[in-house]
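Presented below is the structure to which this report refers.
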Protein chains: 2
Amino acid sequence: MKTKEVAEMAGVSVRTLHHYDSIGLLVPVRLPSGYRSYSDSDIQLLQQILFFRELGFSLDHIKDIVHDSSYDVTDALLYQRKLMEEEKNRVMVMIRKLDETIEDRKGERVMSNQDKFQGIDFSHNPYEQEARENWGDAVVNESNRKMSGFDNEELKEKWERIFRELGAVKDQDPRSEEAQKRIGELYHFLNSHFGTYSPEAFRSLGEMYVSDERFTENIDQYGEGLSLFLRDGMAEWSWNHK
Amino acid sequence: MKTKEVAEMAGVSVRTLHHYDSIGLLVPVRLPSGYRSYSDSDIQLLQQILFFRELGFSLDHIKDIVHDSSYDVTDALLYQRKLMEEEKNRVMVMIRKLDETIEDRKGERVMSNQDKFQGIDFSHNPYEQEARENWGDAVVNESNRKMSGFDNEELKEKWERIFRELGAVKDQDPRSEEAQKRIGELYHFLNSHFGTYSPEAFRSLGEMYVSDERFTENIDQYGEGLSLFLRDGMAEWSWNHK
DNA sequence: CTTGACCCTCACGTCAGGTCAGGGTGTACG
DNA sequence: CGTACACCCTGACCTGACGTGAGGGTCAAG
């Protein structure tokens, strides 16, 4: 039989047969043309080789097994079983670690969402001084609200409720009565829990919701484009309440 | 930090760090001398890399994960979990096939009996602890083979056959091909039935065959001077297979 | 000024083939 | 007889994650 016929019969590639020839694992006779010619016993040998290959043996090991009659096949099988058992353990350890890591990240993701609720911590940010100058203390206070008691569950809930409600009206005109009412709630909420905001500081805060992407990301969690809506609505609100 | 310091700290080889440098995974700055200099953040990055490596990620994949912040790590973890699950199944299929094959071969075996060999029982021996320290667990496991299933007739038979064959070649050069082949059989036999022997442990075992007269007496049952032959032959074998 | 411990860069080896490139063989058809 | 096409061959480089060694430079201690 010629190479390709054997390959198709056995379900291996021609290259594989070449390889087995070159390492002396399965060496067919050659025709005058140089073509490989596989005999029936070569085919049988190949079946054996592929059998052991399926069991995970290395070609080197297979060579010993099939060409050395003194080799104890049962020993080889038991040895191979041990190797495979170790491999299984190795992989199962990885899977366990992966599961643990995935679980951990689930937990952290909740926390990092909480972090987002709790705002951006400017306290170690080199831009804090500049922010205070540009936007007034109120803005930075909000950023640092985590430090000023925002980890209180009740506050978080209120914060979320307010932003969800704002998200629900974000596609209306920011100057509409409904929108302005919600924005007023935000103003009073901030004034109750995060220091004193002048209407002008409130307007500045709205600018920052758009110009600083850390705020933008945070706010747009409650609805795409909410930060833009808020900037305009807060500007309107401060205009009406100055 | 210099290369070797980092390597020792992290428990990897210097070559590994060179490799990570060359593939752009962890590229330290260079001192004027050309020496690599790892910064603290390099060390942190290395820890991350090794963490993902333990989870079975490829270095290519790790590179994406640690150098591309837009990469979703949770997705990567889930993907990797799938890969590892497949790998586990692959290995478990092999183990099942191995077990089936081993069972089949057991059925075919003809059992005759003839026993002489008495293992040395270290299990109540005050020197066991010392022996474990001096020679490694492998030696003591062999000594205790009686306890670990050696009372199985089949195993005893195999053991005897191997030693009779060794006795038959004991007057040849222990380095001869014939001798080395027989010694290889012994190695595989021990590895299949009595725990895991490194080639080095195998060499130590050979030393013990000579230095501990309980072994010597036992082994020389199969031929005067066999223990000496084995010591030399096993040393040679371990040298060629380390 | 030498030793010895460290550093560097090639560069080849591992394992089981995959994937070309370049060139020869065999046979059916016109 | 020529040619198209299927098949054959060898040789050589590629993969992954390093191990191993050669050949040569750097640095601090004695």
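Residue numbers begin at 1 in each chain, while the letters A, B, ... track the order of the sequences.
A:L31 places its CG atom 12 Å from the P atom of D:dT10, with the value rounded to the nearest Å. Distance CD (B:E54) to C1' (D:dA17): 16 Å, rounded to an integer number of Å. Counting to the nearest Å, the P atom of C:dC15 and the CG atom of A:L25 are 14 Å from each other. Rounded to an integer number of Å, the gap from OH of A:Y38 to P of D:dC8 is 10 Å. As a whole-Å value, the separation of B:R30 CZ from D:dG25 P is 17 Å.
In this pair, B:W237 and B:Y187 present their aromatic rings tilted. The plane angle is within the 30 to 60° band. Classified by interplanar angle (parallel below 30°, tilted 30° to 60°, perpendicular above 60°), the ring pair B:Y222/B:F163 is tilted.
Considering only side-chain N and O atoms, A:R36 lies nowhere under 4.0 angstrom from the phosphate OP1 or OP2 of C:dT25. Distances shown here put a side-chain N or O of B:T3 below 4.0 Å from the OP1 or OP2 atom of C:dC8. Listed pair B:R53 / D:dA17 fails the phosphate criterion, with no side-chain N or O lying under 4.0 Å from OP1 or OP2.
Nearest approach of B:Q180 to B:G233, heavy atoms of both residues: NE2-O, 3.2 Å.
Interface remark: the A:Y35 side chain does not form any donor-acceptor pair with the C:dG26 base, using a distance-only criterion of under 3.5 Å.
Residues from residues 56-67 of chain A with heavy atoms under 4.0 angstrom of DNA chain C, sorted by number: A:S58, A:L59. Sorted by residue number, the members of residues 4-20 of chain B with any non-hydrogen atom under 4.0 Å from DNA chain D read B:S13, B:R15, B:T16, B:H19, B:Y20.
Map B:I23 and A:D21 each onto its nearest nucleotide of DNA chain D; the residue landing nearer the 5' end is A:D21.
Classification of B:K88 and B:E85 as a salt-bridged pair holds, one side-chain N sitting under 4.0 Å from a carboxylate O. B:E86 has no carboxylate O lying under 4.0 Å from a charged side-chain N of B:R90, or vice versa, which leaves the two without a salt bridge. The pair B:D220-B:K170 fails the salt-bridge criterion, with no side-chain N (NZ, NE, NH1 or NH2) lying under 4.0 Å from an Asp/Glu carboxylate O. Using a 4.0 Å cut-off between a side-chain N of Lys or Arg and a carboxylate O of Asp or Glu, B:K181 and B:E178 do not qualify as a salt bridge.
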Name each donor-acceptor pair under 3.5 Å that joins a side chain in residues 8-17 of chain B to protein atoms two or more places apart or in another chain, with its distance.
residue, atom, partner, partner atom, Å
B:S13, OG, B:R15, N, 3.4
B:S13, OG, B:T16, N, 3.0
B:S13, OG, B:T16, OG1, 2.8

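Between B:H67 and B:L45 the shortest side-chain heavy-atom distance falls below 4.5 Å.
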